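Quantities reported herein were computed from a predicted structural model and do not represent experimental measurements.
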Amino acid sequence: MLQGRDRRSIGRADEVAALVIKEPKLFRELMACLWHDDPAVRMRAADAAEKISARRPQLLARYKSQLLGLMAEIEQTEVRWHLAQMIPRLNLTTLERQRAAAALRQYLRDCSSIVRTWSLNALAELSAHDATLCSETKLLLEEALHSGTAAMKARARHLLRLKQFREA
């Protein structure tokens, strides 16, 4: 269901997400597709997993260490931005949060504005649970206000209104 050549299309990812929501046991198969040889399958699997995890974040818990590992090694843009959306939904230890934040800071150098924007958002979400990340994340958001793309500037303006940054 996730196959297809055109990486500009999510193909049947929405159908897959709906199916897995109804049959959560299929989530394991979907997650395995994040490591598929075909980049289109990886992209669509990441899209479906992100949509599912927005509604049922607890499904990600079992895959925490694998997702953190994938986050550090994957270079595919479409997978990166979905990981940036999913990682803050995990219950992370302090060390895991620091590891995720380090990967997200690397994502801020990605050529994709979408990856950079979602990375800023993820860093802000992680900062809500880790005060040690607040000051650096606030600086990154302020930098995005001045030198980011239009999407990054808009997201940074929104995020800087959050409590953790008003108080930092």
Side-chain angles (χ1 to χ4, degrees), residues 1-4 7 9-108 110 112 114-134 136-137 140-141 155 158-159 161-165:
M1 290 179 75
L2 297 173
Q3 291 179 333
R7 284 175 49 189
S9 165
I10 63 168
R12 298 173 65 192
D14 287 341
E15 287 178 60
V16 170
L19 179 64
V20 174
I21 288 288
K22 289 180 187 172
E23 292 290 331
K25 290 179 183 178
L26 297 173
F27 195 66
R28 186 172 134 213
E29 288 179 50
L30 176 63
M31 294 302 286
C33 291
L34 292 175
W35 287 267
H36 197 279
D37 290 338
D38 182 345
V41 171
R42 287 193 305 265
M43 181 227 20
R44 292 180 181 124
D47 183 65
E50 187 281 317
K51 289 172 180 169
I52 294 162
S53 70
R55 292 179 57 192
R56 300 185 77 185
Q58 70 277 10
L59 290 175
L60 290 175
R62 174 177 192 190
Y63 305 95
K64 178 168 63 170
S65 63
Q66 295 96 323
L67 289 170
L68 289 169
L70 180 62
M71 184 182 199
E73 68 189 31
I74 194 77
E75 293 185 18
Q76 185 177 346
T77 297
E78 303 94 346
V79 177
R80 279 183 163 194
W81 88 60
H82 290 304
L83 285 171
Q85 292 172 295
M86 290 188 281
I87 293 297
R89 296 175 185 153
L90 293 166
N91 184 16
L92 300 172
T93 66
T94 300
L95 188 59
E96 290 166 338
R97 202 173 301 109
Q98 295 295 327
R99 184 177 166 197
L104 291 164
R105 285 190 292 272
Q106 291 297 315
Y107 284 15
L108 291 174
D110 196 281
S112 166
I114 298 170
V115 170
R116 294 191 315 265
T117 302
W118 281 115
S119 296
L120 285 172
N121 196 81
L123 283 165
E125 288 185 54
L126 294 177
S127 295
H129 305 287
D130 190 336
T132 64
L133 294 174
C134 277
E136 180 188 6
T137 300
L140 291 169
L141 292 169
R155 177 58 55 180
H158 169 76
L159 293 170
R161 292 185 199 121
L162 296 175
K163 181 181 178 183
Q164 72 260 32
F165 301 119

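Counting only heavy atoms from C-beta outward, the side chains of Arg44 and Val16 never approach each other to under 4.5 Å. For the pair Tyr63/Leu34, no side-chain contact is recorded, criterion being any heavy-atom separation below 4.5 Å from C-beta on. The side-chain heavy atoms of Leu133 and Leu123, taken from C-beta on, include no pair separated by under 4.5 Å. A heavy-atom distance below 4.5 Å is not found between the side chains of Ile114 and Thr77. Residues Ile52 and Leu30 are in side-chain contact: their nearest non-hydrogen atoms beyond the backbone lie under 4.5 Å apart. Thr94 is not listed as a side-chain neighbour of Thr132, based on a closest heavy-atom distance of 4.5 Å or more. Counting heavy atoms from C-beta on, the side chains of Arg42 and Ile74 come closer than 4.5 Å. Proximity of Phe165 to Thr137: side-chain heavy atoms (C-beta onward) are separated by under 4.5 Å at one or more points.
Rounded to the nearest 0.5 Å, atoms CD1 (Ile21) and CZ (Arg55) are 4.5 Å apart. In this structure, Leu140 CG and Ser127 OG are separated by 9.0 Å, a value rounded to the nearest 0.5 Å. With values rounded to the nearest 0.5 angstrom, Glu73 atom CD is found 11.5 Å from Leu68 atom CG. With rounding to the nearest 0.5 Å, the separation of CZ in Arg161 from CG in Leu141 is 12.0 Å. Separating the CG atom in Leu126 from the CD atom in Gln98 is a distance of 9.0 Å, to the nearest 0.5 Å. In this structure, CD in Glu125 is found 9.5 Å from CD in Gln164, a value given to the nearest 0.5 Å.
Cation-pi geometry between Arg155 and Trp118 is satisfied (NZ or CZ under 6.0 Å from the ring centre, within 45° of the ring normal).
Atom CZ of Arg28 is surrounded by 12 or fewer heavy atoms from other residues, nucleotides or ligands within 6.0 Å.
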Query - Audit row: Met31, Gln66, side-chain contact (heavy atoms from CB on, under 4.5 Å) steps and yes/no - result: CA-CA 10 Å; Met31 294 302 286; Gln66 295 96 323; over 6 Å; no
Requested in this report: For Arg56 and Val20, run side-chain contact (heavy atoms from CB on, under 4.5 Å): C-alpha distance rounded to whole Å, both residues' side-chain angles, the deciding distance at 0.1 Å, then the answer.
Outcome: CA-CA 10 Å; Arg56 300 185 77 185; Val20 174; over 6 Å; no
Requested in this report: Dump the intermediate steps for side-chain contact (heavy atoms from CB on, under 4.5 Å) on Met71 and Leu104, then the final yes or no.
Outcome: CA-CA 8 Å; Met71 184 182 199; Leu104 291 164; 3.3 Å; yes
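Identified under the side-chain hydrogen bond (donor to acceptor under 3.5 Å, both in side chains) test for residues 84-93, with sequence neighbours left out: Glu50-Arg89, Ser53-Arg89, His82-Gln85, Thr93-Glu96.
Considering every non-hydrogen atom in both Ala17 and Lys51, the closest pair reads CB-CB, 4.3 Å. Residue Ala124 comes nearest to Leu162 through the heavy atom pair CB-CD1, 4.5 Å, listed as atom of the first residue, atom of the second, then distance. Residues Glu78 and Met43 share a closest heavy-atom pair of CB-CG, 3.1 Å.
Legend: residues meeting salt bridge (charged side-chain N to carboxylate O under 4.0 Å, His left out) with Arg116, ordered by chain and number and at least two apart, are absent.
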